[in-house]
There are 2 protein chains.
Amino acid sequence: MQEEIKTLLKEQGFTPTKKRLAILDVIFKIQPASVNQIINSLPEIDRATVYRTIDLFIDLNIAKKVYTGFKYRIELGDSFQEHHHHLTCLRCKTVMDVQTPEIEFAIDQTTKNNGFRPMRHDLEIIGYCANCS
Amino acid sequence: MQEEIKTLLKEQGFTPTKKRLAILDVIFKIQPASVNQIINSLPEIDRATVYRTIDLFIDLNIAKKVYTGFKYRIELGDSFQEHHHHLTCLRCKTVMDVQTPEIEFAIDQTTKNNGFRPMRHDLEIIGYCANCS
DNA sequence: ATCATATTGCAAAAGTGTCGCAAAATGATA
DNA sequence: TATCATTTTGCGACACTTTTGCAATATGAT
């Protein structure tokens, strides 16, 4: 997978530098990672570089921003992981991934009814997880 | 409707001041409004006041934050308008409201399957509207 | 090894949101 | 209406987040 992304970077004319791959590694590991989590995990990399790399990854659809609770985070793009949504617990702050074919289907219906061509979507569900209810 | 909110503020022990009502008016008109749109629409009101008022409105469920595209915006809470989601056009930036019973139903199903108790949710669909496709 | 280009760090600046405190506005009471 | 306690607001400072220009460094091609 990391290899695949390396290739994609090269194909698009960007160098898969050590720092870019290190940032990618953190995104793989933390999922979804806040910008600060990435910055703090990699003290040897300047914040400007982290921001620029995130922007690059988003442009290339390697990563995307999602809103869990009320801060955005970074996770892998849909080509590099199963598409899913988030259940965020207000109490323990855990973010659980869920796959929801019914929701995908419902979105298809709705957009078709409006002549809208969907490129992506983001669903965040906020509440209390089984343990914290 | 504005009257209803005035009453609600009083009941909760807050004064429905002119400035608070002016901010409410802007939220009514712009829907969903970015913080900067609100601040710029009301140059006579200090930024700190705008932020504090938005926080107050959110605490009282008069307003809520939603993410259209990649910045959050403020709109009326679910008690004061039909619950809906947004179709945001990447080209013309128009934000269209849609009501989607199927999606509400699908969310219910999904959360039940996970023992999750949903308090609110936010779905943003990004793509191209009928005119821009 | 050399060179043109891409990437990075650094420092400054812009943007966004929060806070303490003093001044002003409000509503209750007399 | 005048007084008073309380709430609301503006101001300024500050903290945090993100962007930018530029010089230094690293990279890949030759």
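In what follows, chains are A, B, ... by sequence order, proteins preceding strands, each numbered from 1. The figures here come from the full heavy-atom set of this structure, side chains too, leaving out hydrogens, waters and symmetry mates.
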Practice task
Check the distance between D/dC16's C1' and A/Tyr72's OH and give it to me in whole angstrom.
Solution key: 12 Å
Problem - B/Lys71 NZ to D/dT18 P, straight-line distance once rounded to whole Å - result: 9 Å
Fill in the blank from the handout: For residues 105-116 of chain B, the side-chain hydrogen bond (donor to acceptor under 3.5 Å, both in side chains) pairs (sequence neighbours left out) are A/Glu102-B/Thr110
Exercise for the section: Pull out every residue in residues 36-48 of chain B that has a heavy atom closer than 4.0 Å to any atom of DNA chain C, ordered by number, or say none. Expected result: B/Asn36, B/Arg47, B/Ala48
Handout entry: Whole-Å distance separating the NZ atom of B/Lys6 from the P atom of C/dG27
Key = 10 Å
Exercise for the section: Identify, between B/Lys10 and B/Asp55, the residue whose nearest nucleotide on DNA chain C lies closer to the 5' end. Expected result: B/Asp55
Handout entry: More than 12 heavy atoms of other groups within 6.0 Å of B/Lys64 NZ
Key = yes
Problem - Side chains of B/His85 and B/Thr100, donor plus acceptor under 3.5 Å - result: yes
Handout entry: Which nucleotide in D/dT19, C/dG9, D/dG10 has an atom nearest any side-chain atom of A/Tyr51
Key = D/dT19
Fill in the blank from the handout: When every non-hydrogen atom of A/Pro32 is compared with those of A/Gln37, the smallest separation belongs to O-OE1, 3.9 Å
Problem - Proximity to DNA chain C (any heavy atom under 4.0 Å), residues of residues 12-30 of chain B only - result: B/Thr15
Problem - Sidechain-backbone polar pair: B/Arg47 side chain, B/Ile39 backbone, donor-acceptor under 3.5 Å - result: no
Handout entry: B/Asp122 side-chain N/O to B/Tyr67 backbone N/O, donor-acceptor pair under 3.5 Å
Key = yes
Exercise for the section: Please report, rounded to the nearest Å, how far the C1' atom of C/dG20 is from the CZ atom of B/Arg52. Expected result: 10 Å
Problem - Side-chain heavy atoms of A/Lys71 within contact of A/Ser34, under 4.5 Å - result: no
Handout entry: Which atom of B/Ile125 lies closest to which atom of A/Pro118, heavy atoms considered
Key = CG2-CB, 3.9 Å
